[in-house]
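This one's a predicted model, so the numbers in the text were calculated from it and none came from an experiment. Ligands are counted one by one from 1 in listed order, and the atoms in each one are counted from 1 as well.
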Amino acid sequence: MAIKQKTSSIIEQTEKHGARNYHPLPIVISKAEGVWVEDPEGNRYVDMLSAYSALNQGHRHPKIVQALKDQADKVTLTSRAFHNDQLGIFYDKVSNLTGKDLVLPMNTGAEAVETAVKAARRWAYHRKGVEKNRAEIIGCHGNFHGRTMTAVSLAEGENDTSGFGPMLPGIKTIPYGDAEALKQAITPETAAFLFEPIQGEGGVVMPPEGFLREAQQICRDNNVLFIADEIQTGLCRTGHTFACDWEDVVPDMYILGKALGGGVFPISCVAADEDVLGVFDPGSHGSTFGGNPLGAAVAVAALEVLEEEKLADRSHRLGEYFRDRLRKIENDKIKEIRGKGLFIGVELTVPARSYCEQLKEEGLLCKETRENVIRFAPPLIISEEDLDWALNKIDKVLSK
Ligand SMILES: Cc1ncc(COP(=O)(O)O)c(CNc2cccc(C(=O)O)c2)c1O
């Protein structure tokens with residue numbers, strides 16, 4: 001589809017004063033519903049990216065939008081100087097979902113990661129007895145935990161880190177999935193091991209089977225917090241409530257975001273037991289919008305949709321079907337098909353961008369990650385009919 005006048009003038013306007021920290025595909029989305037989005041010229045596309053898994057419930061899910069509208073007519077922001085009548089309901093929901101005593105609400109995923117690292121450091125000093133300012137955090141090569149300085153200090157990519165130094169001290173990384181390396185990296189000062197159960201931005205990379213269980217045991221043996229960043233993999237994306245569930249592993253702390261807000265409002269949180277999140281006392285952490293009643297009401301509705309529509313089972317079932325269909329595609333440039341549930345990566349032996357551009361021309365939106373991986377992550381509500389429509393387009397483009 002050639003770029004039409006409205007789209008090109010909108011892109012031109014966007015690029016006039018916008019900082020150039022993204023390189024989006026040349027498409028403008030002006031309407032969206034369910035798994036379908038529309039450009040200003042009325043061209044429709046099936047969304048196979050879901051805003052990097054922030055749209056597990058689909059675009060503008062009626063129940064979630066209604067929760068936003070209802071709450072917007074009551075109260076949207078109180079600050080935490082006062083209570084509001086939605087936050088306790090949110091806390092109950094997340095506590096029941098995670099099995100954790102305490103929940104700390106923030107807004108973006110990166111803020112929740114920052115919260116997790118602050119909690120881990122203070123836990124190390126107050127509970128583990130690590131010497132002041134000596135606490136260490138262990139992350140994984142190929143990780144992505146956001147764009148704030150702690151997250152960037154954990155990253156390694158040139159583009160993620162260059163020009164942003166000095167990095168936060170007390171951070172080291174190990175090869176992803178290497179339990180022995182984790183064991184060797186731990187010192188008496190180690191506060192936490194921070195990991196993604198499946199690395200999203202790393203290219204939908206899964207650790208060896210059993211790694212999560214082994215790593216958790218190593219952390220337990222060394223009194224190190226086992227912290228799961230489930231911002232992208234959580235909330236039914238991989239076919240279970242949490243990706244950690246695939247190995248029946250319950251982390252010491254969950255970090256949640258993205259689909260927690262149902263693709264309607266930014267909300268994130270960390271959930272952990274009293275001995276970890278109890279380290280925060282009044283005035284030691286927070287955020288202006290953290291715990292606002294609008295986000296809380298939206299998140300409760302977003303979590304209810306996951307349960308009511310059984311989106312974990314759907315993700316698992318449709319993800320198996322998706323990968324089966326992909327495996328039938330004849331193309332010697334396909335190096336590996338991987339993922340769990342509707343969290344799928346197709347690794348190619350060549351850059352993936354041109355395939356994403358061809359798929360866009362066919363009416364399917366997806367994005368490359370790590371240059372040669374096409375990530376497919378549709379909203380979990382996708383119908384079998386729409387999935388088959390998308391798979392026929394993928395078959396057509398990838399079979400060339
Ligand atoms: C595993 C993981 N952890 C933390 C974050 C940070 O969340 P926020 O973006 O809400 O601060 C992510 C985010 N994941 C993600 C994926 C792709 C692009 C971008 C982007 O910054 O445009 C972010 C993520 O995928």
For H145, the atoms of ligand 1 under 4.0 Å from one of its heavy atoms are 3 (N), 4 (C), 5 (C)

For the residue pair T233 and E196, confirm or rule out a side-chain donor-acceptor distance under 3.5 Å.
no

* Asked: Does Q232 reach ligand 1 with a nitrogen or oxygen that is under 3.5 Å from one of the ligand's nitrogen or oxygen atoms?
  -> yes

Under 4.0 Å between heavy atoms, the region of R147 that gets near ligand 1 turns out to be side chain

**Asked** Are the ring centres of H285 and F280 closer than 6.0 Å?
**Response** yes

closest protein heavy atom to atom 1 (C) of ligand 1 is F144 O, 3.3 Å

Practice prompt. Indicate if Y321 and L398 have the same hydrophobic cluster label, given that clusters are the connected sets of ILVMFWY residues with side-chain heavy-atom separations under 4.5 angstrom.
Written response: yes

the protein heavy atom lying closest to atom 16 (C) of ligand 1 turns out to be E201 OE2, 3.2 Å

Query raised in the report: How are the rings of H316 and H240 set relative to one another: parallel (under 30°), tilted (30 to 60°) or perpendicular (over 60°)?
Result: parallel

Distance only, no hydrogens: is a donor on one side chain within 3.5 Å (strictly under) of an acceptor on the other, for R353 and N372?
no

- Does NZ or CZ of K340 lie under 6.0 Å from the centre of the six-membered ring of W246, at an angle within 45° of the ring axis? yes

- Item | Close aromatic pair by centroid cut-off 6.0 Å: F195 and F226 | yes

- Message: With no hydrogens and no angle check, just 3.5 Å: does a side-chain donor-acceptor pair link Q358 and E362?
- Response: no

re atom 3 (N) of ligand 1, the protein heavy-atom contact at minimum distance is D229 OD2, 2.7 Å

In this structure, atom 7 (O) of ligand 1 is nearest to the protein heavy atom G109 CA, 3.3 Å

shortest atom 11 (O) of ligand 1-to-protein heavy-atom contact is with A110 N, 2.9 Å

among protein heavy atoms, the one nearest atom 20 (C) of ligand 1 is Y22 OH, 3.2 Å

Requested in this report: Determine whether any heavy atom of E230 lies closer than 4.0 Å to an atom of ligand 1.
Outcome: no

When distances are taken from atom 14 (N) of ligand 1, the protein heavy atom at minimum range is K258 NZ, 3.0 Å

Restricting to heavy atoms, the pick from A54, G146, G234 nearest atom 6 (C) of ligand 1 would be G146

